[in-house]
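Remarks on the structure that follows.
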Amino acid sequence: MNPPVAAYRNILKTTSIIGGSSAINIAIGIIKVKVLAVLLGPAGVGLLGLYLNIMGMASSLAGCGLGVSGVRQLAAASGEEATLDIVRRTLWLANLILGFTGMLFLWLLREPVSQSIFGDIDHANNVGWLGIGVMLTLIAGSQTALLQGLRRIGDLARVNIISSVLGAISGILLVYWLGEHGVLWFVLTAPAISILVASYYAARLPRPKSAHDWRVINQQWQAMLKLGIPFMMTGLLGFATQLTARTMIQRELGLEATGYFHAAWAISMTYIGLVLSAMGADYYPRLTAVIKNHPLVRKMVNEQAEMSLLLAGPILLCMITFAPWVIHLLYAESFAPATEVLRWQVLGDVFKVASWPIGFILLAQGRGVVFILAELIWSAVYLGVIFLGGQGWGLVVAGVGFWIAYLIYFGLIAMLGFRLVGFKPAKSYLLMTLLLSFAGGLIMFSAKQSTVAGYAIGLMFILSSSIYSLHKMDGLLDLRGWLKQKIK
């Protein structure tokens with residue numbers, strides 16, 4: 001098989017496995033979120049979003065970026081059994097210690113956090129209990145990082161699916177039984193189940209054979225922290241940005257508007273995970289292994305970006321076209337104000353998908369400070385647009401800000417890729433990005449003028465992009481030849 005064909009097929013295979021598990025998770029999420037929307041309404045969904053943000057932000061802070069640095073260290077140590085054993089032990093112990101510390105600090109700071117987020121201390125005890133979720137999240141993260149770093153893609157997909165199914169069933173039952181008081185336990189159930197499932201698959205890996213050497217473990221921990229803390233700050237910045245946006249929207253427009261924002265954000269982040277999760281699971285470790293070979297890095301980035309846009313393009317246009325139906329299906333008719341926010345965010349996702357393959361160059365090189373600065377610029381633009389346009393534009397400003405921020409981010413990250421490894425986007429890569437942006441913008445404009453026109457033009461672009469993607473992938477992967485082999 002030709003090397004280029006093999007490379008594209010490997011990307012497709014990985015994306016199919018991880019993307020398939022994400023698709024199942026989306027289907028489960030449809031049921032879960034629909035039930036929650038019916039049981040709790042927009043205000044309850046808004047409360048859920050705030051709890052998830054608090055726990056996510058605290059987990060990011062307590063985790064010190066070991067999820068990212070651990071995957072990088074595991075990928076770099078592949079083939080060196082003694083070093084790999086040390087990395088595995090360090091990752092587990094570090095997450096256990098940091099998780100306990102994060103749980104303790106969130107409990108101690110529960111009243112100030114509640115006051116700053118909700119404007120009162122009525123939610124203080126629930127905020128404190130979220131500390132348990134912080135510890136559980138970090139312990140589960142050490143297991144999934146192990147599977148990801150060792151490229152156990154199939155096991156990682158199984159963990160995602162099983163955890164999602166069991167978490168949804170448990171969480172829905174708790175909310176049904178306890179009502180709004182069950183939101184807290186809904187949030188805590190997910191990481192608890194993830195630990196059980198991920199630990200089962202991690203336990204099937206060969207156990208470390210080398211003896212405990214606490215001096216070497218301490219050295220490895222320090223190396224992980226040195227690399228991980230900048231990425232922790234990046235993750236913290238992301239959660240802080242979301243939390244700030246939600247808080248601004250809550251105070252300006254009310255808790256229901258926060259619920260609409262959470263609905264649009266959750267849909268946008270979930271479906272795009274079909275492509276982006278595959279990058280983190282397989283592309284990142286592969287890129288890390290060859291990061292010093294700049295010509296190969298440039299080739300891999302263009303291959304990954306092209307395949308990601310081919311796979312994501314029709315999905316992006318579907319989401320923009322059928323956003324009203326998606327909102328109604330996943331939530332309820334009362335969530336209709338989230339439609340325009342979702343459409344603008346999906347338009348921003350075009351540039352997000354296009355920029356992510358380049359951004360992984362920074363992660364693979366361990367350029368934590370540069371990565372933080374790039375993310376800081378994104379956050380500043382996003383929050384700046386919300387702050388300046390919130391009163392005049394209303395809730396839709398959250399979507400517009402998302403699009404503007406990723407448009408600028410794409411240009412910035414492309415310049416950084418050129419400076420670091422001499423990367424230049426392939427013509428097909430740039431052309432697809434521009435065409436998808438144009439098509440998405442035209443669908444939105446047409447839908448504003450006429451609902452029927454929006455659907456008609458949207459369907460035309462969806463069909464055209466699907467045919468183009470299949471034709472292009474056939475040229476890259478020899479799909480027809482592959483299918484003939486499978487049939488035989």
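The structure displayed is predicted, hence computed values, not measured ones.
- For the atom pair CD1 of I443 and CG of L316, the computed distance is 10.0 Å after rounding to the nearest 0.5 Å.
- Between M248 and F387 there is a side-chain heavy-atom pair separated by less than 4.5 Å.
- With sequence neighbours left out, F322 forms a ring-ring contact (aromatic ring centres under 6.0 Å, His included) with W325, Y455.
- Annotation: side-chain hydrogen bond (donor to acceptor under 3.5 Å, both in side chains) contacts involving residues 373-388, sequence neighbours excluded, comprise T241-S379, E375-Y409.
- Closest of all the heavy-atom pairs between A398 and I249 is CB-CD1, 4.2 Å.
- In plain terms, the two heavy atoms of L317 and G440 that are nearest each other are CD2-N, 3.9 Å.
- From I462, atom CD1 reaches atom CD1 of I320 across 9.0 Å, with rounding to the nearest 0.5 Å.
- Here the shortest heavy-atom pairing between S59 and L138 reads O-CD1, 3.4 Å.
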With a cut-off of 3.5 Å and sequence neighbours excluded, list every side-chain donor-acceptor pair involving residues 101-112.
residue	atom	partner	partner atom	Å
T101	OG1	I97	O	2.9
R110	NH1	W107	O	2.7

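- Counting only heavy atoms from C-beta outward, the side chains of Q143 and Y201 never approach each other to under 4.5 Å.
- L173 CG to F186 CZ: the interatomic distance, rounded to the nearest 0.5 Å, is 11.0 Å.
- Remark: L61 engages M232, L236 in a side-chain contact (heavy atoms from CB on, under 4.5 Å) (not counting sequence neighbours).
- Interatomic distance, S355 OG to L416 CG, rounded to the nearest 0.5 Å: 11.5 Å.
- Counting heavy atoms from C-beta outward, Q345 and F261 have side chains that approach closer than 4.5 Å.
- Taking each heavy atom of A323 and T339 in turn, the nearest pair found is CB-CG2, 3.9 Å.
- A heavy-atom distance below 4.5 Å is found between the side chains of L395 and Y260.
- Heavy atoms only, all atoms of each residue included: A354 and P357 are closest at O-CD, 3.7 Å.
- F351 places a side-chain heavy atom less than 4.5 Å from the side chain of S437.
- Rounding to the nearest 0.5 angstrom, the gap separating the CG atom in L407 from the CG atom in L347 is 9.0 Å.
- With M55 as the partner, the side chain to side chain contact (heavy atoms under 4.5 Å, CB included) test is satisfied by one option alone out of L50, L136, V187, L184: V187.
- Under the 4.5 Å side-chain criterion, counting only non-hydrogen atoms from C-beta, N95 is not in contact with I139.
- Checking Y406 against D349 by side-chain atom types alone, no donor-acceptor pair falls below 3.5 Å.
- A distance of 13.5 Å separates CG of L130 from CE of M135, quoted to the nearest 0.5 Å.
- A search for side-chain hydrogen bond (donor to acceptor under 3.5 Å, both in side chains) contacts involving E340 returns R343, not counting sequence neighbours.
- Scored by the side-chain contact (heavy atoms from CB on, under 4.5 Å) test, S194 finds A140, S163 as partners (sequence neighbours excluded).
- Shown here for G133 and T137, the closest heavy-atom pair between the two residues is O-OG1, 2.6 Å.
- Qualifying side-chain contact (heavy atoms from CB on, under 4.5 Å) partners for L376, counting only residues two or more places apart in sequence or in other chains: L237.
- Scored by the side-chain contact (heavy atoms from CB on, under 4.5 Å) test, S170 finds T189, I193 as partners (sequence neighbours excluded).
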